[in-house]
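Predicted model, so just to flag it, every value in this text is computed and none were measured.
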Amino acid sequence: MTTNQSMTVTTPSDREIIIERVFDAPAAAVYKAMIDPELVPLWWGPRNVITIVDKMDVVPGGAWRYIHRSPDGSETAFRGVYREITPPTRLVFTFEWEGMPGHILVETVILHEHDGKTTVTDTSLFHTTEERDGMLNSGMEGGARESWDRLEALLVTA
């Protein structure tokens, strides 16, 4: 488990990663930033890449696909399918990095508003411990921290 003043990462089971962070914004604003294809590129992913929303159909069964374009012009993409949509408190979707097809996790995002702030609990459930550990070793924690820092900055300016 790692923690700083803004984000906690835990592995409560051999197939899960849970990331939790409190945002200084109401749940509706945080939720909108997560489902609006115009806002997602402003926060999703590292600062040194351009995020392109290729698909984003935020309905149960709807597909999403984001492309990261690096400064050298190379691209990598991520995709999934929305399973549950409960505005502004819950999103459930699959997540797959196209660089490793077939390794699909289920991500559940819960938003809980309290005193004008929102706690986001993001649970990733993997098929195997090896897949979970591979994600942990990929640098995903740093990427998540950077994305969520960018989300916080966006919410402050909104």
Side-chain angles (χ1 to χ4, degrees), residues 1-36 39-40 43-47 49 51 53 55-68 76-155:
M1 175 179 90
T2 58
T3 184
N4 72 8
Q5 58 269 41
S6 62
M7 189 175 97
T8 303
V9 178
T10 58
T11 52
S13 77
D14 62 354
R15 294 178 41 224
E16 291 176 294
I17 299 171
I18 297 179
I19 303 173
E20 190 169 87
R21 178 161 175 167
V22 177
F23 292 93
D24 192 11
V30 178
Y31 186 85
K32 179 177 171 41
M34 292 181 167
I35 65 155
D36 186 327
L39 296 178
V40 168
W43 68 269
W44 202 86
R47 285 180 176 82
V49 302
T51 298
V53 175
K55 290 182 201 172
M56 194 170 184
D57 186 17
V58 188
V59 297
W64 67 271
R65 183 173 186 261
Y66 304 159
I67 301 165
H68 278 174
T76 189
F78 307 84
R79 66 181 173 204
V81 174
Y82 291 100
R83 291 185 171 182
E84 294 179 41
I85 310 292
T86 308
T89 60
R90 182 177 169 92
L91 288 168
V92 180
F93 51 91
T94 60
F95 179 99
E96 178 182 20
W97 174 47
E98 291 181 0
M100 287 187 69
H103 296 275
I104 301 169
L105 63 94
V106 176
E107 196 162 341
T108 302
V109 180
I110 305 293
L111 295 84
H112 175 72
E113 186 173 332
H114 46 91
D115 301 323
K117 297 179 187 240
T118 301
T119 299
V120 176
T121 304
D122 185 332
T123 303
S124 296
L125 178 62
F126 297 82
H127 289 284
T128 67
T129 302
E130 292 75 24
E131 287 182 4
R132 184 210 58 187
D133 291 350
M135 180 69 84
L136 286 169
N137 294 326
S138 74
M140 78 55 115
E141 184 177 336
R145 189 175 313 282
E146 189 171 355
S147 288
W148 285 20
D149 286 350
R150 293 178 69 201
L151 176 55
E152 179 74 41
L154 174 66
L155 292 167

So, the side chain of [X] versus the backbone of [Y]: is there a donor-acceptor pair under 3.5 Å, distance only?
X    : Y    : value
R132 : S13  : yes
N137 : D133 : yes
T51  : W44  : yes
E98  : A77  : no
W43  : A33  : yes
R15  : H127 : yes

Taking all non-hydrogen atoms of both residues, which atom of [X] and which atom of [Y] are closest, and how far apart?
X    : Y   : result
M56  : Y82 : CE-OH, 3.6 Å
T129 : D14 : OG1-O, 3.0 Å
P88  : A27 : O-CB, 3.9 Å
P101 : G99 : CD-C, 3.5 Å
I18  : P12 : CD1-CG, 3.5 Å

Which residues share a side chain to side chain donor-acceptor pair (under 3.5 Å) with H103, sequence neighbours left out: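 With sequence neighbours excluded, H103 shows a side chain to side chain donor-acceptor pair (under 3.5 Å) to E131, given in chain and number order.
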
D149: partners by side chain to side chain donor-acceptor pair (under 3.5 Å), with sequence neighbours left out: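 By the side chain to side chain donor-acceptor pair (under 3.5 Å) rule, D149 matches R21.
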
For the residue pair [X] and [Y], establish whether any side-chain heavy-atom pair is separated by less than 4.5 Å.
X    : Y    : value
I85  : V59  : no
L105 : T94  : no
E113 : V30  : no
H68  : P46  : yes
L155 : D24  : no
T108 : L125 : no
L91  : Y31  : yes

Separation of [Y] [atom2] from [X] [atom1] (nearest 0.5 Å):
X    : Y   : atom1 : atom2 : answer
D57  : I35 : CG    : CD1   : 11.5 Å
E152 : S6  : CD    : OG    : 8.0 Å
S147 : R47 : OG    : CZ    : 9.0 Å

E20 versus T121, side-chain donor and acceptor atoms under 3.5 Å: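 Present: a donor and an acceptor within the cut-off.
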
Check ion pair R150-E146 (N to O, under 4.0 angstrom):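 Result for this pair is no, no salt bridge flagged.
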
Aromatic plane relationship, W64 with F93 - under 30° parallel, 30 to 60° tilted, over 60° perpendicular: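 Correct class here is perpendicular.
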
Ring geometry between F78 and F95 (parallel below 30°, tilted from 30 to 60°, perpendicular above 60°):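 Judged by the thresholds at 30° and 60°, the geometry between F95 and F78 is tilted.
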
Among E107, R145, M140, E141, the one residue meeting side-chain contact (heavy atoms from CB on, under 4.5 Å) with I19: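 Output: one option passes, namely M140.
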
Which residues share a ring pair (Phe, Tyr, Trp, His ring centres under 6.0 Å) with W148, sequence neighbours left out: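 Checked W148 against ring pair (Phe, Tyr, Trp, His ring centres under 6.0 Å); matches are F23.
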
